[in-house]
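Everything quoted here is computed from the prediction, not taken from an experiment. So that the names make sense, note that chain A is the first sequence line, chain B the second, and so on, each numbered from 1.
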2 protein chains.
Amino acid sequence: MPLPTPRTRIQKKNIQTIMDAALGVFSQNGFRGATLDQIASEAGLSKPNLLYYFPSKVAIHRALIAELMTTWLDPLREMDAQGDPIEEILAYVLRKLEMAREFPRESRLFANEIVQGAPNIMDQIEGELKTLVDEKAKVITAWISQGKLAPVDPYHLIFSIWATTQHYADFDAQIQGILPDKGTARFEEAATFLNHMYRAMLRPQIASAAH
Amino acid sequence: MPLPTPRTRIQKKNIQTIMDAALGVFSQNGFRGATLDQIASEAGLSKPNLLYYFPSKVAIHRALIAELMTTWLDPLREMDAQGDPIEEILAYVLRKLEMAREFPRESRLFANEIVQGAPNIMDQIEGELKTLVDEKAKVITAWISQGKLAPVDPYHLIFSIWATTQHYADFDAQIQGILPDKGTARFEEAATFLNHMYRAMLRPQIASAAH
DNA sequence: CGTGTTCCTGACCAATTGGTCAAACCTGAG
DNA sequence: CTCAGGTTTGACCAATTGGTCAGGAACACG
């Protein structure tokens, strides 16, 4: 029985190994496309051994998603209403881009889940996530009404940030197929590009002609 | 044997029915996650009947991808080097957004394929697609050197357009979970937002102070 | 009508799948 | 060393999967 909290160091190690292997397999094949044998093989364990630590395939997936959800939203949480609006948003963009580079598997796991209709995490999207987004949207709206940002829809602004940053993880195969160079330069180029893009669109226009 | 070109009207109709059903199933579950039984059931045909028209599961998938690739790139092809740069790019953005609204299943089919490493279409990405993108990147670069656009990396500009527009199809579940309204307003809002975003970032800055 | 071709199906198959289980194997505290 | 607990595995199972096949049903066309 998989104990709620890992007790022994063996449990800790194996659970970690399994989740790491499962992350790779689920993120590449989606839930239905992934097999326990694949995960077991990737983890260097036997299939019954997997099922000693997790009661079922979905349990592994759920554990992964749960772990991911807690850390995935941190960059957005860090956006500070007290800071300089444009710099705060740009910092958020760059943090998200950094996560796309650092944790592409996590990004793809998420992408797979959402593309398939988010069957397992819709409640968290409509709860935790929506709450956070609503809160930050209010912050952005306040910034706009203070004239510190160009007037844009805060929700779609956030969507565009998710889209443009996660794209570099989720669609990496396509990007690497198109971009001439094959190094990691694409992420640095992306940082420059997104920096320009969001600065340009968020810069408040010259104050209204009337004064 | 599935004849290369559909002959009878029955073939035409059934092949169409199958591909439509397969599009739905593949786009929601990915290739490995989709089953022939599911597709057959969705199409209202028996499984052996599917395999009368297509020799295998991958054949159906290949047919879908092939059909998609031909039309999916049309919006980009239409970008005209002779037109007004900003308007041309914006028209492209809106066409892509329109496709995300009109053909979300096609978008998700594509997304699934790329997220999983584009195993079946990497050659087309590195061939047809790359050629087209290279060509259009040159056009954009020319526009920039004529001072008609702000200087941005043309490749990443195109990536950002793909990301922001397809996001509304691929991640629709998330968007609908977050946005207050549930109608189709999100697409109109997106059009407004993207219009602002790309105009702001592409507008050439005031000519260099020196004159 | 008749008859050759196209279309369709139930029954079947081997391989793979998620999952079980009893028995064997470790491991660490006393 | 011991032995009770945690850990691991080979063998197994029922269900599902992609795919086959022989034959029947529907059609086209003279």
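If you measure from atom OH of B/Y53 to atom C1' of C/dC8, you get 8 Å, rounded to the nearest angstrom. For the pair B/K13 NZ and C/dC8 C1', the interatomic distance rounds to 12 Å; values are reported in whole Å.
Geometrically, B/K57 engages B/F31 in a cation-pi contact, judged by NZ or CZ lying under 6.0 Å from the ring centre and within 45° of the ring axis.
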Distances under 3.5 Å between nitrogen or oxygen atoms of protein and nucleotides 2-5 of chain C:
none

Please list, pair by pair, any protein nitrogen or oxygen found under 3.5 Å from a nitrogen or oxygen in nucleotides 23-30 of chain D.
{"unit_1": "D/dA28", "atom_1": "OP1", "unit_2": "B/R9", "atom_2": "NH2", "d": "2.1"}

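Ranking D/dT20, C/dG18, D/dT8 by closeness to the A/K57 side chain, first place goes to C/dG18. Of the listed nucleotides (C/dC8, D/dA11, C/dG19), D/dA11 has the atom at the smallest distance from the side chain of A/P48.
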Listed pairs under 3.5 Å, donor-acceptor, residues 76-83 of chain A side chains, sequence neighbours left out:
{"unit_1": "A/R77", "atom_1": "NH1", "unit_2": "A/D74", "atom_2": "OD1", "d": "2.7"}
{"unit_1": "A/E78", "atom_1": "OE1", "unit_2": "A/R95", "atom_2": "NE", "d": "3.4"}
{"unit_1": "A/D80", "atom_1": "OD1", "unit_2": "A/Q82", "atom_2": "N", "d": "2.9"}

Determine all donor-acceptor pairs shorter than 3.5 Å in which one atom belongs to a side chain in residues 121-129 of chain A; sequence neighbours excluded.
none

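When each of A/S46 and B/D37 is assigned the nucleotide of DNA chain D with its nearest heavy atom, A/S46 is the one assigned upstream, toward the 5' end.
Note on B/D20 versus B/R105: salt bridge recorded, some NZ/NE/NH1/NH2 to OD/OE distance being below 4.0 Å. Comment: A/E135 does not engage A/K138 in a salt bridge, judged by the lack of any side-chain N to carboxylate O separation of less than 4.0 angstrom.
Against DNA chain D, the stretch residues 26-35 of chain B makes heavy-atom approaches under 4.0 Å through B/A34, B/T35.
Sorted by first then second residue, the ring pair (Phe, Tyr, Trp, His ring centres under 6.0 Å) pairs that include residues 81-109 of chain B, not counting sequence neighbours, number zero.
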